[in-house]
Amino acid sequence: MILMSDHWLIKYSIGEGINQYVRWDIKGIMTDENFTTIHVFRYGGFPEQTVVSKDGRLPQALKDKYPSKRFIVGRSSDILKKNTVLASLTVAVVVFIAVLYWYIIPLFAEKAASQIPTGMEVSIGSSVYETVMSQYEVNDTLTGKVNDFLQSFHLKTSYPIEVTVVNDKQCNAFALPGGHIIIFSGIIAKMKTKEELAALLAHETAHIHYRHSLKSTFRTLSRNLFVSLLFNDINGVAAIIADNSNMLMNLTYSRELEIEADKNGMAVLAANGISLRGFTDLFQLLNNHAENSGELEILSTHPLTTDRIAYAKESAREQVNIRDQSSLENKWLNLRLKAGN
């Protein structure tokens, strides 16, 4: 092998003393990576020409002749570099997928919930309501009286709010997308004032009006809903939510959504001249029952915070527009009598 300035001239024997020559231009020579002192050089396309060298003098000869070109590559160092790059890319892909899965898709789903037409939301909520109610016994008497109680004060919402009371000793209540509020008879039985019930209804109505139920549902089920939302498949969305309807009974709202429901619920009570002590009494009832039984369902889905309690107390102290609520009081007493039974 003769090392020329711009090419190699390689002489090889084909047997019986017959030699042949082949020219390799420097720019076309490729070097195999290696672990050992064996060096492999390749040239050309198919059929590829190959030179394998065990001559320990070759690396230095190539450095001397071609100081600006790197022929001999240490495989271990290059593998390490390639593996480092591959590992970095892998980590980046994993991080991106994690961010997409845990943050971007839920955020996309929550934004999509805001774009669902009200009529579709009501339809979705009705489907979910039918599924949820299949496992409960409706208390028709209390249901009628609570809905009558609700009609006594004005709710600023376009949603068709409808309350259903079910026979269950748990202290729980939750709102479904589109207008349904489900209240367990257990929490009504523990209430002492009309204001507590009014606070509960106003709070749950605020969750519905501001689409907290729909947004939280979409966020929780975002990974399941992603494809349906991507293709605007409303029927697919409704089916997924209906299949996961039990989740709505344990749907946890964010701290911000709970505070928003509190503030707007209190605004409803204040506009109707109903004492905001209903919220402080309701919170106290929840805390007392949680301490006594350790099994308060509503606190797991609507967790109380010191900020929420403090805001309720301060708002109650500052309220000045409380009006006579004799009619509401009579409805409450009648309702409370039935709840006690």
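In this text, all values refer to a predicted model and were calculated from it rather than measured experimentally.
The pair K27-D6 fails the salt-bridge criterion, with no side-chain N (NZ, NE, NH1 or NH2) lying under 4.0 Å from an Asp/Glu carboxylate O. A salt bridge does not link D281 to K192: none of the charged side-chain nitrogens sits closer than 4.0 Å to a carboxylate oxygen. Comment: E48 engages R42 in a salt bridge, judged by a side-chain N to carboxylate O separation of less than 4.0 angstrom.
Between the side chains of E121 and T118, not a single donor N or O lies within less than 3.5 Å of an accepting N or O. Side-chain contact, Q60 with D64: a donor N or O sits under 3.5 Å from an acceptor N or O. For Y136 and D168, the side-chain atoms include no donor-acceptor pair closer than 3.5 Å. For E162 and Y129, the side-chain atoms include no donor-acceptor pair closer than 3.5 Å.
Ring to ring, W8 and Y43 are not that close: their centroids are 6.0 angstrom or more apart. Checked against a 6.0 Å centroid threshold, the rings of Y311 and F279 do not count as neighbours.
With respect to I208, the side-chain contact (heavy atoms from CB on, under 4.5 Å) criterion is satisfied by exactly one of T157, I181, L155: I181. The residue from E256, H207, E258 that alone fulfils the side chain to side chain donor-acceptor pair (under 3.5 Å) condition with H212 is H207.
When atom types are taken as modelled, the side chain of R277 and the backbone of R317 share no donor-acceptor pair closer than 3.5 angstrom. At distances below 3.5 Å, not a single donor-acceptor pair connects side-chain atoms of E314 with backbone N or O atoms of I309. With R323 contributing its side chain and N272 its backbone, the two residues share a donor-acceptor pair below 3.5 Å. With hydrogens and angles ignored, the 3.5 Å screen pairs a side-chain donor or acceptor of N321 with a backbone N or O of A270. At distances below 3.5 Å, not a single donor-acceptor pair connects side-chain atoms of S53 with backbone N or O atoms of H39.
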Discussion item. For K263 and E260: C-alpha separation, side-chain torsions, deciding distance, then whether salt bridge (charged side-chain N to carboxylate O under 4.0 Å, His left out) applies.
Written reply: CA-CA 5 Å; K263 290 182 177 180; E260 184 176 31; over 6 Å; no
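Rounding to the nearest 0.5 Å places CZ of F153 at 9.5 Å from CD of Q325.
Between S185 and K169, the closest side-chain pair of non-hydrogen atoms is not below 4.5 Å.
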